[in-house]
Amino acid sequence: MLTRILLLLIALLLLPAWGIDRCWPHRRLRGAKRLIFYIVPLVITLLMVFAAIGERYTPEADRQKALLISAALLVIAPQVVLCLFLLVAKGLERRWKKVSVATVVIGGVSGIAVFCAVFYALTTGYKHFVVKEVTYQNEKLPKAFDGYRIVQLSDLHLGTLHGRQDVVEEMVQRVNALEPDLIVFTGDLVNYRATEADEFIETLSRFRSRDGVVSVMGNHDYAQYFHWASPADSLADIRHLQEAQRRMGWNLLLNAHTTIVRDADTLAIVGVENQGHAPFPALADLPKATQGLSSATFTILLSHDPTHWRDQVEPDTDIPLTLSGHTHGMQLKIGAFSPASWFYKEWGGAYHSPDGQTLYVSLGIGSVLVPFRLGAWPEINLITLRKTAPTNPQ
């Protein structure tokens, strides 16, 4: 993981420092004193290079990498802000000297504010659970399921929570307090390998809902981020994770479906394996997953990667509701904006097709490697199904 993003992190660490050095009023800071801007970024850069050489994937190594990346974020974010303000101040300096000085001061204050925000995201934001309540309406919903309550969880990434049993306990309690009819998990239980889930099996087996827990696999659950000695070892890890979910009492759907019956009505929950664009696994088999289902059965699809909806679900099926995760909202959201929108057309919330199909993308509840959440808070999605009467044409 660290090796893949090392060059990007180094660039983000050193370029803002260089920008501050170039834009700072040099009449106040000359010679060797200018190195003050580079000292911390260079130290973090060297530590990350050493960590990337012979990178290991043990819980202890992951914690060290998380600390390094956290330190990098604490340096990068305020330096970028300060650099931008200094760049503006430099442009104003000749004509409006007083405005230029004010801009530098505002930049410094803004940098401190950003540092505080990032510090909160790293220490508290990742466990700032929010419950998002959504009402899904469809006139074709069977009458017996009017008011049916589904809790969706996604992207737990348990490796990041190693040793934080209290955080997982709180999540389980918050979910159970909602008294849902069904709990669904839309993939990415771990970061790198199945053993990350072992310490939480007992806690996660305490989810309570009328119709249990249904889950699917996410891209991280296929052991592709770990350097295995052989394909057999990788496959064994995948099987280990699948068995862990079954030990927790979860109904893991691997291109399969399960049905829930109320009175004479039926609701089908279809779960496919991860279907994403390269380099993510593309293993979904919708025909297999829906085999034997009547076209009249109301169906909810669990598919980890939301790109699957636009690529195959919306154009090729009439499945009314799909639940996904995967994007995390890049774990950063400011107002209605998230950098996830640069990479995904559907990255968070509800989306609708012209034919009335709906995709709901959860921002997830965990964090990859670094426990960081700002604005895109870890969310528990409570989806209430409602049957609506058909609208009479005027």
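Here the side chains of Val370 and Thr160 are not in contact, with every heavy-atom distance at 4.5 Å or above. The shortest distance between side-chain heavy atoms of Arg193 and His240 does not fall below 4.5 Å. Residues Met330 and Phe343 have side chains in contact (heavy-atom distance under 4.5 Å, counting atoms from C-beta outward).
Expressed to the nearest 0.5 Å, how far CD of Gln165 lies from NE2 of His162 amounts to 11.0 Å. Distance CZ/Arg239 to OG/Ser234: 10.0 Å, rounded to 0.5 Å. Annotation: the span from Thr358 atom OG1 to Ile319 atom CD1 amounts to 12.5 Å, rounded to 0.5 Å. A distance of 12.5 Å separates CD of Gln137 from CG of Leu321, quoted to the nearest 0.5 Å. Note: Tyr192 OH to His227 NE2 = 9.5 Å, rounded to the nearest 0.5 Å. To the nearest 0.5 Å, atom CG of residue Leu87 and atom CG of residue Leu82 are 11.0 Å apart.
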**Asked** When you look at Ser303 and His308, which way does the side chain to side chain donor-acceptor pair (under 3.5 Å) test go after all the steps?
**Response** CA-CA 7 Å; Ser303 181; His308 184 213; 2.7 Å; yes
**Asked** So Arg206 and Met248, side chain to side chain contact (heavy atoms under 4.5 Å, CB included) or not? Walk me through it.
**Response** CA-CA 8 Å; Arg206 292 201 288 270; Met248 293 186 296; over 6 Å; no
**Prompt:** Can Val214 and Ile183 be said to form a side chain to side chain contact (heavy atoms under 4.5 Å, CB included), step by step?
**Reply:** CA-CA 6 Å; Val214 178; Ile183 299 169; over 6 Å; no
**Message:** Would Leu74 and Leu122 count as a side chain to side chain contact (heavy atoms under 4.5 Å, CB included) here? Give the steps.
**Reply:** CA-CA 9 Å; Leu74 284 168; Leu122 290 166; 3.9 Å; yes
**Item:** Derivation of the side chain to side chain donor-acceptor pair (under 3.5 Å) call for Asp311 and His277
**Value:** CA-CA 10 Å; Asp311 290 346; His277 298 157; 2.6 Å; yes
**Prompt:** Does the side chain to side chain contact (heavy atoms under 4.5 Å, CB included) test come out yes or no for Leu254 and Gln242, once each step is laid out?
**Reply:** CA-CA 10 Å; Leu254 302 172; Gln242 293 172 348; 3.7 Å; yes
**Request:** Mind running side chain to side chain donor-acceptor pair (under 3.5 Å) on His326 and Asn274 for me, showing each step along the way?
**Result:** CA-CA 10 Å; His326 183 60; Asn274 188 80; 5.3 Å; no
**Prompt:** Should Asp265 and Lys387 be marked as a salt bridge (charged side-chain N to carboxylate O under 4.0 Å, His left out) after you check the CA-CA gap, both sets of side-chain angles, and the distance that decides it?
**Reply:** CA-CA 13 Å; Asp265 294 333; Lys387 182 176 179 65; over 6 Å; no
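Side chain to side chain, Arg373 and Tyr120 fail the donor-acceptor criterion of an N or O pair below 3.5 Å. Side-chain contact of Tyr222 with Asp237: a donor-acceptor pair under 3.5 Å is absent, judged by distance alone. Counting only N and O atoms by type, the side chains of Gln357 and Asp355 include no donor and acceptor under 3.5 Å apart. Under the 3.5 Å distance criterion, with hydrogens and angles disregarded, no donor-acceptor pair is assigned to the side chains of Asn191 and His220.
Between Phe337 and Trp342, the gap from one ring centroid to the other is short of 6.0 Å. Ring pair Phe185/Trp250: centre-to-centre distance below 6.0 Å.
More than 12 heavy-atom neighbours from other residues, nucleotides or ligands sit within 6.0 angstrom of CH2 on Trp228. Counting heavy-atom neighbours within 6.0 Å of Gln291 CD, excluding the residue itself, gives a total of 12 or less. Within a 6.0 Å sphere centred on CD of Gln224, heavy atoms belonging to other residues, nucleotides or ligands number more than 12. Counting heavy atoms of neighbouring residues, nucleotides and ligands inside a 6.0 Å radius, atom CD of Glu202 does not exceed 12 of them. More than 12 heavy atoms of other shown residues, nucleotides or ligands fall within 6.0 angstrom of atom CZ in Phe129.
For the side chain to side chain contact (heavy atoms under 4.5 Å, CB included) criterion with Ser362, the lone passing option out of Lys132, His328, Gln152 is Gln152.
The pair Asp146-Arg386 meets the salt-bridge criterion, with a side-chain N (NZ, NE, NH1 or NH2) lying under 4.0 Å from an Asp/Glu carboxylate O. In summary, Arg174 and Glu170 engage in a salt bridge, as defined by a charged side-chain N under 4.0 Å from a carboxylate O. Between Asp305 and Arg310 there is no salt bridge, since no side-chain nitrogen of the basic residue lies less than 4.0 Å from a carboxylate oxygen of the acidic one. Of the charged side-chain nitrogens involved, at least one lies within less than 4.0 Å of a carboxylate oxygen, so that Asp62 and Lys65 count as a salt-bridged pair.
Between Val114 and Pro78 the shortest heavy-atom distance is CG1-N, 3.9 Å.
The backbone N or O of Leu158 sits nowhere less than 3.5 Å from a side-chain atom of Glu196 that would complete a donor-acceptor pair. Side-chain atoms of His304 do not come within 3.5 Å of backbone N or O of Met217 as any donor-acceptor pair.
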